[in-house]
Amino acid sequence: MSELSKLTIAEARDAMRKGDVTSVEITEACLAEVNAADALGAFVHKTPEIALDQARAADARIKAGDAPGMCGIPLGIKDLFCTKGVDSQAASNILKGFKPEYESTVTSQLFGAGAVMLGKLNMDEFAMGSSNETSAYGNAVNPWKIDDRQLTPGGSSGGSASAVAADLCLAATGTDTGGSIRQPAAFTGIVGLKPTYGRVSRWGTIAFASSLDQAGPMTKTVRDAAIMLQAMSGHDPKDSTSADLPLPDFEAALTGDIKGKKIGIPREYRMDGMPEEIETLWHEGAEMLRAAGAEIVDISLPHTKYALPAYYVIAPAEASSNLARYDGVRYGHRAKLAAGDGIVQMYEKTRAEGFGHEVQRRVMIGTYVLSAGFYDAYYNRARKVRALIKRDFDQAFAAGVDAILTPATPSSAFGLGEMAEADPVQMYLNDVFTVTVNLAGLPGISVPAGLDSQGLPLGLQLIGRPWAEDDLLNTAYALESAAGFVSKPAKWW
């Protein structure tokens, strides 16, 4: 039975349609793996009864011939998505015990397509972090390990990455505000796709930075990402930023034929101090795409060097606005007050107790850059830089580039506790290759492409044209096929 949790979405779908296996059998296998993997800290709320009910319903649908691609597929759901009647607390103490009375659009669409929820997954608090160490639940752990050194699974979707890489579930939902799907995917040797901003509804997803947040699939293969994206996508009137555009058939686009496609290599991504292994893998990835028939061209994205500072002004500014709603009045945690305390003391004590250090840090930065006297100097300037970064990409695509190839991360997974509180700026630098994609609203995908000298996975990132996830997935499929990455972590948990 334990082999069933190792299936891909495509393999499980085809086996269930043939009648070789049932969703209940796959779900039971995954639940057994989840229960045996507490050492990974990936699942923070388990929902076995819901999972088995959904699996039985999926089997009935499959038997009746009504089986969308995700029907019967057991998933982990990041704790940022509101799930009706199930704890949804964004890994924060301020939302401890919060059980929504509604379902997020993403989970509603997945469950409507017959998907199965095994439980909720660990993450950085309010999606703020790159190592899953800011979680109120404690950190998730990367299933890849060196000797006795425990490694980060990346963040903020660290629980999602860990669960998929360890075969606890067939796939997971993630969210990406500055790289929070792609960085953990690269650290754990899986595929992570951040769609175009507006492709997937944000309704019912707990907000961090509303102009940057985007949900996407975290899967074992590119084909699985295409199948899952199909179910997650579509116009949602409840989200004013959701795009009313026709949906391509993402899986049908996976031909592997990229002959004549123009792949850009941005010179600004060659950073000082980049490890030689990352540089080598990047070069090898370009050669793989060239061998598949693509044309490799050098391009310039001159405002890339301003992306990180612009991001770390815009994202905290939006966070400080979004997180103002957590005040102890309407829902979530409320601090115990002393005699004589008023409303101001209630706000202060509640937020001091409910928010972790990283969230407090970002809220304070955001409030500062939005304050009178600093708004123009910081926030407005960052917005102008963002427009220039988007223009760089627009010009590259207008010149005929079909996709852009970059490293996904500046290193392989680092050890837990090595960066977090000691040097938060060093932690922020983990997003150096990913934040530009969020600032420009583009689709980006991380594909596992090799191992470093320690035997840890490394990913390559492909950035696509807006709304062209079908083309991007096909290019990623060609890269995945050429790289032939099949390594899995040795089971120690």
Distance-only, no hydrogens or angles: does the [X] side chain make a donor-acceptor pair with backbone N or O of [Y] under 3.5 Å?
{"X": "N438", "Y": "D176", "result": "yes"}
{"X": "D402", "Y": "I263", "result": "no"}
{"X": "N474", "Y": "D257", "result": "yes"}
{"X": "R13", "Y": "T8", "result": "no"}
{"X": "S162", "Y": "V141", "result": "yes"}
{"X": "W493", "Y": "G41", "result": "no"}
{"X": "S321", "Y": "A317", "result": "no"}
{"X": "E358", "Y": "M128", "result": "no"}
{"X": "E268", "Y": "H303", "result": "no"}

Answer yes or no: does atom [atom1] of [X] have more than 12 heavy-atom neighbours from other residues, nucleotides or ligands under 6.0 Å?
{"X": "K390", "atom1": "NZ", "value": "no"}
{"X": "H283", "atom1": "NE2", "value": "no"}
{"X": "F485", "atom1": "CZ", "value": "yes"}
{"X": "K238", "atom1": "NZ", "value": "yes"}
{"X": "R381", "atom1": "CZ", "value": "no"}

Sort out for me which residue in [options] forms a side chain to side chain contact (heavy atoms under 4.5 Å, CB included) with [X].
{"X": "T175", "options": "D213, L212, T205", "value": "T205"}
{"X": "I463", "options": "V437, L301, T434", "value": "V437"}
{"X": "T409", "options": "Q461, R182, Q183", "value": "Q183"}

Given R267 and D298, is the salt bridge (Lys or Arg N to Asp or Glu O under 4.0 Å) satisfied, shown in steps?
CA-CA 7 Å; R267 64 178 67 102; D298 282 329; 5.6 Å; no
Do T107 and E103 pair up side chain to side chain, a donor and an acceptor below 3.5 Å, judged on atom types alone?
yes
Side-chain donor-acceptor contact under 3.5 Å, E480 with T221
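No.
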Walk me through it: do K78 and S160 pass the test side-chain hydrogen bond (donor to acceptor under 3.5 Å, both in side chains)?
CA-CA 6 Å; K78 186 176 180 178; S160 301; over 6 Å; no
Evaluate S210 against N322 for side chain to side chain contact (heavy atoms under 4.5 Å, CB included), listing each step before the verdict.
CA-CA 8 Å; S210 301; N322 277 324; 3.1 Å; yes
Atom CD1 in I26, atom OG in S5: separation rounded to 0.5 Å?
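Answer for the CD1-OG pair, I26 versus S5, is 10.0 Å.
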What are the two closest non-hydrogen atoms of [X] and [Y], and how far apart are they?
{"X": "F414", "Y": "F187", "answer": "CE2-CE2, 3.8 Å"}
{"X": "A252", "Y": "D249", "answer": "N-OD1, 3.0 Å"}
{"X": "V34", "Y": "L168", "answer": "CG2-O, 3.7 Å"}
{"X": "T219", "Y": "A225", "answer": "OG1-N, 3.4 Å"}
{"X": "G76", "Y": "L121", "answer": "C-CD1, 3.3 Å"}
{"X": "P248", "Y": "D470", "answer": "CB-OD2, 3.7 Å"}

Evaluate side chain to side chain contact (heavy atoms under 4.5 Å, CB included) for N139 paired with T152, printing each intermediate quantity in order.
CA-CA 8 Å; N139 56 267; T152 176; over 6 Å; no
Could you go through V432 and L308, starting from their C-alpha distance and side-chain angles, then the distance that decides it, and tell me whether this counts as side chain to side chain contact (heavy atoms under 4.5 Å, CB included)?
CA-CA 6 Å; V432 66; L308 269 178; 4.0 Å; yes
When you look at T436 and Y269, which way does the side chain to side chain contact (heavy atoms under 4.5 Å, CB included) test go after all the steps?
CA-CA 11 Å; T436 51; Y269 280 55; 2.7 Å; yes
Go through it in stages, so that I can follow the logic: the residues are E33 and K491, the test is salt bridge (Lys or Arg N to Asp or Glu O under 4.0 Å), and I'd like the CA-CA distance, side-chain angles, deciding distance and then a yes or no.
CA-CA 11 Å; E33 292 298 313; K491 193 166 182 178; 3.0 Å; yes
Salt bridge present between R270 and E279 (N-O < 4.0 angstrom)
yes
Is a salt bridge present between K220 and D167, judged by a nitrogen-to-oxygen distance below 4.0 Å?
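Salt bridge present between K220 and D167.
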Pair D124-T134, side-chain hydrogen bond (donor to acceptor under 3.5 Å, both in side chains): steps then yes or no
CA-CA 5 Å; D124 280 294; T134 69; 2.9 Å; yes
